[in-house]
A.B. asks: 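Next up is a structure, given as structure tokens.
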Amino acid sequence: MIERDALQYLRNWRFDRDRHPLVLRGTRQVGKTTIVNEFAREYDHYLYLNMESNGDRGAFDLNLSIQDTVSLLFARKKQKQGEGDTLIFIDEIQNSPQAVAKLRYFYEEMPQLHVIAAGSLLENIIDIKTSFPVGRVDYLPIRPCSFREFLRAIDRATELLSFDNAELTRPFHTEYMALFNQYCIIGGMPEVVQHYTDHRDLLGVDRICSRLMRAYLDDVEKYCRSNKLTEVVRHIIKYGWYEAGSIIRLGGFANSQYRSREVGEAFQLLQKAMLLELVHPTTSAQVPSIPEMKRMPKLFWFDTGIVNYAADVRTKLIGTNDILDVWRGRIGEQIVAQELLATSNDINRHRSFWTKGKGESGAEVDLLWTVDSKLIPIEVKTGHNAHLKSLHSFMDQSSTDVAVRVWSGPFSVDTVETTFGKKRFKLINLPFYLVWDTERIVRKEL
């Protein structure tokens with residue numbers, strides 16, 4: 001069993017005085033059901049409902065009060081309502097708009113029950129104007145395993161103790177980079193991580209990745225409203241992995257003949273499934289940074305391990321001394337973007353990157369991350385500090401004096417002067433294995 005960070009969030013939620021029903025969001029097979037089943041061990045009573053089952057779904061279809069619905073569900077599961085805490089888990093809730101609508105009544109009329117729901121492509125329920133209980137539920141994103149969770153899975157959790165002080169990682173840097181490379185190759189899908197932990201078998205990992213990709217395609221195709229949309233979605237899932245970490249053009253994406261509108265609709269559907277994110281640039285070096293939606297976005301997929309498999313670049317990662325040498329550094333940028341997103345439980349947290357405004361000379365900072373209302377630039381690059389020209393350009397416009405360079409070198413903090421001497425700032429040189437702790441490390445230097 002992989003120890004997931006989300007379990008601690010669920011424990012805090014359980015004892016929250018203003019506890020709302022909790023909706024777990026995440027792509028299929030990311031571990032939502034497994035996490036809840038593990039969490040349920042801490043309860044006196046547990047009711048598991050699957051809305052793909054006609055019987056479980058039928059109880060919500062009846063025009064009953066929430067109290068009578070709950071009584072019917074307990075009777076169907078041959079369980080008694082008794083003393084102690086009760087957890088109700090409504091899985092695959094997207095298949096029952098009636099169950100979605102009833103979530104508000106759990107909160108309003110039976111707050112003593114602890115209710116969790118999970119499902120894929122929930123926005124499609126909103127699209128068909130189901131009465132979604134806005135303001136009556138909370139959300140928790142469940143993402144692929146982070147590097148921290150991966151270390152626990154492979155029984156290397158003791159390394160996390162030394163990570164508490166970034167300076168202490170320097171003597172063990174080579175070993176820690178080897179572990180991160182291992183994580184980068186395998187990725188964070190729980191079934192893949194568990195299989196690798198148990199068997200150390202990359203061929204078996206490939207079989208799981210192949211099956212997962214087929215499942216994602218089948219899942220998303222259920223919601224395609226036309227043959228053309230199905231066709232474009234298939235094209236993206238077949239060839240889009242090759243564009244991970246790249247700025248893309250929607251029209252003609254991946255050497256296709258599809259128009260921008262058609263590709264945009266397909267990407268929107270895949271974003272709802274949380275398989276990917278189109279990250280739009282901002283031209284601002286200050287918060288709030290408003291994305292430039294008309295400019296070309298950058299594509300990040302949900303899991304680097306699946307990218308490695310689908311784009312067939314895993315063998316290039318095996319044995320490499322520097323992740324940034326592989327695939328023109330795009331795997332490095334993809335894994336950093338993935339690790340950053342894993343640091344937040346906010347379903348609305350998104351990644352961004354920076355470019356200069358129209359008519360200005362081309363400059364691009366790989367990623368931006370907000371820490372304590374400050375926009376922190378993150379470059380995923382090796383080399384001398386003077387070569388970080390885009391970063392220097394950003395810092396000249398920024399009110400903050402801290403920047404981050406993620407690389408394969410050891411941790412250090414340099415004081416750097418921008419190219420034209422306008423400003424001095426702290427450059428945190430962050431090894432890949434510390435990206436998950438970016439916010440805490442940045443706060444120390446702010």
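Being a predicted model, the structure only gives us computed values, none of them experimental.
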A.B. asks: Surrounding CG of N165 (heavy atoms of other residues, nucleotides or ligands, distance under 6.0 Å), is the total greater than 12?
C.D. replies: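 Yes - once you tally the heavy atoms of other residues, nucleotides and ligands closer than 6.0 Å, there are more than 12.
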A.B. asks: Of the non-hydrogen atoms in A117 and I93, which two are nearest, and what is the gap between them?
C.D. replies: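 Residues A117 and I93, closest heavy atoms: CB-CD1, 3.7 Å.
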A.B. asks: Which atoms form the tightest heavy-atom contact between Q79 and Y46, and what is the distance?
C.D. replies: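 Reported closest heavy-atom pair: NE2-O, 3.1 Å.
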A.B. asks: In plain terms, say whether R152 and D5 are close enough for a salt bridge, that is, a side-chain N and a carboxylate O under 4.0 Å apart.
C.D. replies: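 A salt bridge is present here (some side-chain N lies under 4.0 Å from a carboxylate O).
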A.B. asks: For residues 59-97, pull every pair meeting ring-ring contact (aromatic ring centres under 6.0 Å, His included), keeping only residues two or more places apart or in separate chains.
C.D. replies: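 Qualifying pairs, neighbours excluded: Y48-F89.
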A.B. asks: Using 4.0 Å as the upper bound for N to carboxylate O, is an ion pair formed by K77 and D56?
C.D. replies: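 Result for this pair is yes, salt bridge flagged.
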A.B. asks: Just by distance, no angles: are the side chains of T230 and E221 close enough, under 3.5 Å, to form a donor-acceptor pair?
C.D. replies: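 Looking only at side-chain atoms, E221 and T230 do not form any donor-acceptor pair under 3.5 Å.
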A.B. asks: Can a salt bridge be assigned to the pair D218 and R214 using a cut-off of 4.0 Å between side-chain N and carboxylate O?
C.D. replies: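 Salt bridge present between D218 and R214.
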A.B. asks: Salt bridge (Lys or Arg N to Asp or Glu O under 4.0 Å) with E92: which residues, sequence neighbours excluded?
C.D. replies: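 Checked E92 against salt bridge (Lys or Arg N to Asp or Glu O under 4.0 Å); matches are R28.
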A.B. asks: Output all residues satisfying side chain to side chain donor-acceptor pair (under 3.5 Å) with Q334, sequence neighbours left out; order by chain, then residue number.
C.D. replies: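 Q334: no side chain to side chain donor-acceptor pair (under 3.5 Å) contacts found.
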A.B. asks: Which residue pairs pass the side-chain hydrogen bond (donor to acceptor under 3.5 Å, both in side chains) test when at least one of the two sits in residues 235-250, sequence neighbours left out?
C.D. replies: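 Counting only pairs at least two positions apart or across chains, the side-chain hydrogen bond (donor to acceptor under 3.5 Å, both in side chains) contacts touching residues 235-250 are S246-R330.
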A.B. asks: Answer yes or no: is there an ion pair linking R349 with E439, defined by an N-O contact shorter than 4.0 Å?
C.D. replies: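 Yes, R349 and E439 are salt-bridged.
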A.B. asks: Any sub-3.5 Å donor-acceptor pair from S96's side-chain atoms to R57's backbone N or O?
C.D. replies: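 A pair under 3.5 Å: no.
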A.B. asks: Using only atom types and a distance under 3.5 Å, with no angle test, would you say the side chain of S53 pairs donor to acceptor with the backbone of L49?
C.D. replies: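 No, the answer is negative, given that no donor and acceptor are paired below the 3.5 Å cut-off.
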A.B. asks: For F150, enumerate each residue passing the ring pair (Phe, Tyr, Trp, His ring centres under 6.0 Å) test, keeping only those at least two apart in sequence or located in another chain.
C.D. replies: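 So F150 forms a ring pair (Phe, Tyr, Trp, His ring centres under 6.0 Å) with Y183.
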A.B. asks: Is any side-chain N of the basic residue among R405 and E379 closer than 4.0 Å to the acidic one's carboxylate O?
C.D. replies: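 Salt bridge between R405 and E379, a charged N being under 4.0 Å from a carboxylate O: no.
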A.B. asks: Are F253 and Y258 an aromatic pair, judged by ring center distance below 6.0 Å?
C.D. replies: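 Ring centroids of Y258 and F253 are no less than 6.0 Å from each other.
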A.B. asks: Is there a donor in the side chain of T283 and an acceptor in the side chain of E292, or the other way round, less than 3.5 Å apart?
C.D. replies: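 Yes, a side-chain donor-acceptor pair sits under 3.5 Å.
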A.B. asks: Any carboxylate oxygen within less than 4.0 angstrom of a Lys/Arg side-chain nitrogen, looking at E231 and R234?
C.D. replies: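 No, no charged N to carboxylate O under 4.0 Å.
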A.B. asks: List in chain and number order the residues that pass side chain to side chain donor-acceptor pair (under 3.5 Å) with R200, two or more places apart in sequence or in another chain; answer none if no residue qualifies.
C.D. replies: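 Testing R200 for side chain to side chain donor-acceptor pair (under 3.5 Å), a comparison that skips the adjacent residues, returns none.
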A.B. asks: Are the side chain of N429 and the backbone N or O of W407 linked by a donor-acceptor pair below 3.5 Å?
C.D. replies: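 No; judged by distance alone, with no hydrogens or angles, the pair does not exist.
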A.B. asks: Looking at R14 and D85, does any basic side-chain N land under 4.0 Å from a carboxylate oxygen?
C.D. replies: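 The answer is yes: the pair qualifies as a salt bridge.
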A.B. asks: Which residues pass the salt bridge (Lys or Arg N to Asp or Glu O under 4.0 Å) test with D68, not counting sequence neighbours?
C.D. replies: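 For D68 there are no salt bridge (Lys or Arg N to Asp or Glu O under 4.0 Å) partners, ignoring immediate neighbours.
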A.B. asks: Check salt bridge (Lys or Arg N to Asp or Glu O under 4.0 Å) between D312 and all other residues, then give those that pass, not counting sequence neighbours.
C.D. replies: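 Residues passing salt bridge (Lys or Arg N to Asp or Glu O under 4.0 Å) with D312: none at all.
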A.B. asks: Would you list the pairs meeting salt bridge (charged side-chain N to carboxylate O under 4.0 Å, His left out) in which at least one residue belongs to residues 182-194, sequence neighbours left out?
C.D. replies: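 Residue pairs passing salt bridge (charged side-chain N to carboxylate O under 4.0 Å, His left out), neighbours aside: E191-R211.
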A.B. asks: Look at R148 together with D437 and state whether they make a salt bridge at an N to O cut-off of under 4.0 Å.
C.D. replies: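 Here R148 does not pair with D437 in a salt bridge, since their nearest N and O are not under 4.0 Å apart.
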A.B. asks: Return the set of residues passing side chain to side chain donor-acceptor pair (under 3.5 Å) with N345 (not counting sequence neighbours), or none when no residue passes.
C.D. replies: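 Applying side chain to side chain donor-acceptor pair (under 3.5 Å) to N345 gives none.
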A.B. asks: Assess whether a salt bridge exists between D401 and K426, defined as any Lys/Arg side-chain N lying under 4.0 Å from an Asp/Glu carboxylate O.
C.D. replies: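 No.
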A.B. asks: I'd like to know if D201 pairs up with R207 as an ion pair, taking the criterion as any Lys NZ or Arg NE/NH1/NH2 lying under 4.0 Å from an Asp or Glu carboxylate oxygen.
C.D. replies: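 Yes, charged N to carboxylate O under 4.0 Å.
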A.B. asks: Applying side chain to side chain donor-acceptor pair (under 3.5 Å), name anything that partners Y309, two or more places apart in sequence or on another chain.
C.D. replies: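 Y309 satisfies side chain to side chain donor-acceptor pair (under 3.5 Å) with no residue once adjacent residues are dropped.
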A.B. asks: Quick one: do K298 and E277 make a salt bridge, cutoff under 4.0 Å?
C.D. replies: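 No, no charged N to carboxylate O under 4.0 Å.
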A.B. asks: Output all residues satisfying salt bridge (Lys or Arg N to Asp or Glu O under 4.0 Å) with R314, sequence neighbours left out; order by chain, then residue number.
C.D. replies: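 Expected list: D206.
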A.B. asks: Could you check whether Q182 and Y196, counting side-chain N and O atoms only, form a donor-acceptor pair closer than 3.5 Å?
C.D. replies: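 Per modelled atom types, Y196 and Q182 side chains form a pair under 3.5 Å.
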